[in-house]
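In this chain, numbering begins with 1 at the start of the sequence shown.
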Amino acid sequence: MKIQTKYLFIIKIIANIFLSILGTWLFVQNFYFSAVFIWLSVVGISVSLYQDRQRLIDKMNRMIMSIRHSDFSYNFTNSKSKDEINNLHQEMNEALTAFRNRTQNLMMDETETKAWQKLISVLTHEIMNSIAPIISLSETLSEEKNHKEVSSTQYKTMHQAMEIIHKRSKGLLTFVENYRKLTRIPEPILQPIYLEQMLNSLQQLVASDKINFTYSVYPEKLTLNADRNMLEQVLINLLKNAHEAGKENTESKVNVTAAKIGNEVHISVKDNGCGISSEAIDKIFIPFYSTKTSGSGIGLSLCRQIMLRHNGKITVQSNEKGSIFTLIFK
């Protein structure tokens, strides 16, 4: 039966005291060899006590360094024994887990707050850009109607104003409809999807838009439990972006890879474009943010929301040789 740590520590202390006294007595009695042997045993036990203490200090230092560098993956190793050191390890692991969860919740709250602030900023900017000219032109038209006679020049100005009001109003309506798309994403209907078969069908589907891509799947019969319609919607969006990015550089080359990595399924869409600027890469998933002049800014936001519905995530890596968007399903 394994001796508990606290009893082992007490035994070592008592043994050290006893052996020290015994060694001294043997030395006085001129049993020098025996005395030296006993004292060596005392040194050995002392070194063992020091190592026990040092191991505990090293563990605490590693824990402190991991927290200091925001690495919350560290855990104390638990043995099968039920001594007080192992109990302390369990309590420290529980404390680390609680601290980790609390920190992550705070980070998520902060991220969510920033996201809402950015969204409100974009909403305000977009609405004000549409409302301001509508109000201005409406006031101009109201002044014009007070004149009994309207010249051809005034009529032309009024007609142009009405066209601008119509265009701005239609743009604002489209903007609101896009916002509704982001807030009305249904719960995914999960079903097994053979990724090789799905990518082959997708290849034929986007060919009508002159979008060509190559793909590889590993293992060959890799399946994914997801909502097929939603997944196709995400991939079509990424493929269109990749195709447009490649055309800006030279000839568009788009490659899709699907692979099982550990317990996760990764689907990556790679292009050969000029990459995304460092200023834009942190904003591309913000609703209504777009680097394109004619872009709505909801495509990547919609992709992110769909991935969150699947308890997954979307990541991006980019440089001057192109970008890689990766869908990660857990």
Side-chain angles (χ1 to χ4, degrees), residues 115 118 122 178 181-182 185 193-220 222 224 226-262 264-310 312-330:
K118 289 177 181 178
V122 172
N178 286 334
K181 287 181 184 178
L182 284 175
I185 300 173
I193 302 170
Y194 288 95
L195 292 180
E196 198 279 334
Q197 183 185 26
M198 188 202 70
L199 290 172
N200 184 50
S201 299
L202 202 60
Q203 204 174 42
Q204 298 172 26
L205 180 65
V206 299
S208 59
D209 293 326
K210 297 181 180 179
I211 299 175
N212 300 310
F213 69 91
T214 58
Y215 68 85
S216 62
V217 179
Y218 182 81
E220 188 177 346
L222 178 62
L224 172 65
D227 188 303
R228 178 159 182 156
N229 290 331
M230 287 186 172
L231 179 56
E232 286 183 348
Q233 186 179 2
V234 171
L235 287 173
I236 288 172
N237 196 299
L238 294 178
L239 288 169
K240 285 182 178 178
N241 288 348
H243 176 68
E244 291 173 7
K247 280 176 26 178
E248 291 178 3
N249 188 7
T250 51
E251 183 183 355
S252 177
K253 291 182 181 178
V254 182
N255 179 252
V256 179
T257 58
K260 184 77 176 290
I261 300 177
E264 298 176 342
V265 174
H266 290 207
I267 303 175
S268 298
V269 179
K270 181 180 180 182
D271 63 60
N272 64 332
C274 299
I276 305 169
S277 68
S278 56
E279 295 80 12
I281 202 164
D282 294 329
K283 303 175 184 177
I284 57 175
F285 294 111
I286 298 173
F288 308 108
Y289 177 85
S290 178
T291 56
K292 307 172 190 174
T293 53
S294 59
S296 64
I298 70 160
L300 289 176
S301 301
L302 198 60
C303 292
R304 184 174 180 273
Q305 293 300 320
I306 289 173
M307 290 305 298
L308 288 174
R309 290 283 189 185
H310 283 80
K313 61 181 179 179
I314 179 171
T315 63
V316 59
Q317 293 177 304
S318 188
N319 55 37
E320 65 279 359
K321 295 181 180 179
S323 303
I324 304 175
F325 284 84
T326 303
L327 309 177
I328 300 174
F329 295 86
K330 298 179 180 178

K.L.:
Suppose we screen for salt bridge (Lys or Arg N to Asp or Glu O under 4.0 Å). Which residues come up paired with E232, at least two apart in sequence or across chains?
P.N.:
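So E232 forms a salt bridge (Lys or Arg N to Asp or Glu O under 4.0 Å) with R228.
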K.L.:
Measure across I267 and A258 and return the closest heavy-atom pair with its distance rounded to 0.1 Å.
P.N.:
CG1-CB, 4.2 Å
K.L.:
What's the spacing between S301 OG and I306 CD1 if we round to 0.5 Å?
P.N.:
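Separation between the atoms: 11.0 Å.
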K.L.:
For the atom pair CZ (F213) and OG (S252), what is the distance rounded to the nearest 0.5 Å?
P.N.:
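Here the rounded value is 11.5 Å.
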K.L.:
Under 4.5 Å between any side-chain heavy atoms of I324 and T315, yes or no?
P.N.:
no
K.L.:
Tell me if the CD atom of E264 is crowded by more than 12 foreign heavy atoms within 6.0 Å.
P.N.:
yes
K.L.:
Please examine the side chains of L222 and Y194, heavy atoms only from C-beta on, and report whether any two atoms are closer than 4.5 Å.
P.N.:
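No, every pair of side-chain atoms sits at 4.5 Å or beyond.
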K.L.:
Could you go through the side-chain contact (heavy atoms from CB on, under 4.5 Å) check for Y215 and E196 one step at a time?
P.N.:
CA-CA 8 Å; Y215 68 85; E196 198 279 334; 2.9 Å; yes
K.L.:
Is the shortest side-chain heavy-atom distance between V269 and T326 below 4.5 Å?
P.N.:
no
K.L.:
Within this structure, what is the NZ-CD1 distance for the pair K313 and I328, rounded to the nearest 0.5 Å?
P.N.:
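Answer rounded to 0.5 Å: 4.5 Å.
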K.L.:
Considering all heavy atoms of both residues, which atom of G275 and which atom of S318 are nearest to each other, and what is their separation?
P.N.:
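Nearest heavy atoms, G275 then S318: CA-OG, 3.2 Å.
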K.L.:
Going from NZ on K247 to NZ on K210, what distance comes out if it is rounded to the nearest 0.5 angstrom?
P.N.:
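Going from NZ on K247 over to NZ on K210, the span is 8.5 Å.
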K.L.:
Taking the side chain as C-beta and beyond, is there a heavy-atom pair between N241 and L300 under 4.5 Å?
P.N.:
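In contact.
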K.L.:
Just to verify, what does Q197 make a side-chain hydrogen bond (donor to acceptor under 3.5 Å, both in side chains) with, not counting sequence neighbours?
P.N.:
none
K.L.:
For G299 and N237, work out which heavy atoms get closest and say how close.
P.N.:
CA-ND2, 3.1 Å
K.L.:
For residues L238 and L327, report the shortest heavy-atom separation together with the two atoms involved.
P.N.:
CD1-CD2, 4.0 Å
K.L.:
Measuring only between side-chain heavy atoms, which start at C-beta, is I236 closer than 4.5 Å to I211?
P.N.:
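No - every pair of side-chain heavy atoms lies 4.5 Å or more apart.
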K.L.:
State which residues pass ring pair (Phe, Tyr, Trp, His ring centres under 6.0 Å) with F329; sequence neighbours excluded, sorted by chain then number.
P.N.:
H310
K.L.:
What verdict does the side-chain contact (heavy atoms from CB on, under 4.5 Å) test give for L239 and L202, after you've listed the backbone C-alpha separation in whole Å, the side-chain angles of each residue and the deciding distance to 0.1 Å?
P.N.:
CA-CA 10 Å; L239 288 169; L202 202 60; 3.9 Å; yes
K.L.:
Please round to the nearest 0.5 Å and tell me the distance separating atom OG of S323 and atom CD1 of I281.
P.N.:
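It is 6.5 Å, given to the nearest 0.5 Å.
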K.L.:
Would you indicate whether the side-chain heavy atoms of L199 and L235 approach each other to under 4.5 Å?
P.N.:
yes
K.L.:
Please round to the nearest 0.5 Å and tell me the distance separating atom CG of L302 and atom CE of M230.
P.N.:
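The CE atom of M230 is 9.0 Å from CG of L302, to the nearest 0.5 Å.
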K.L.:
Hey, does K240 have a side-chain heavy atom less than 4.5 Å from the side chain of D209?
P.N.:
yes
K.L.:
Would you check if the side chain of D271 reaches a backbone N or O of G322 as a donor-acceptor pair within less than 3.5 Å?
P.N.:
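No.
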K.L.:
Using every non-hydrogen atom in the two residues, find where Q203 and T214 come nearest and quote the distance to one decimal.
P.N.:
NE2-CA, 4.2 Å
K.L.:
Are any non-hydrogen side-chain atoms of E320 and C274 less than 4.5 angstrom apart?
P.N.:
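Of all side-chain heavy-atom pairs linking C274 with E320, none is under 4.5 Å.
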K.L.:
Assess whether side-chain contact (heavy atoms from CB on, under 4.5 Å) is satisfied between L224 and L231, documenting all intermediate values.
P.N.:
CA-CA 10 Å; L224 172 65; L231 179 56; 3.9 Å; yes
K.L.:
Set out, in order, the CA-CA distance, both residues' side-chain angles and the distance that settles side-chain hydrogen bond (donor to acceptor under 3.5 Å, both in side chains) for T257 and S216, then state yes or no.
P.N.:
CA-CA 5 Å; T257 58; S216 62; 5.3 Å; no
K.L.:
Might you point out which heavy atoms bring H243 and V254 nearest each other, and give the distance in Å?
P.N.:
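Of all heavy-atom pairs spanning H243 and V254, the closest is N-CG2, 3.9 Å.
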K.L.:
Quick one: does N255's side chain have a donor or acceptor within less than 3.5 Å of a partner on K270's backbone?
P.N.:
no
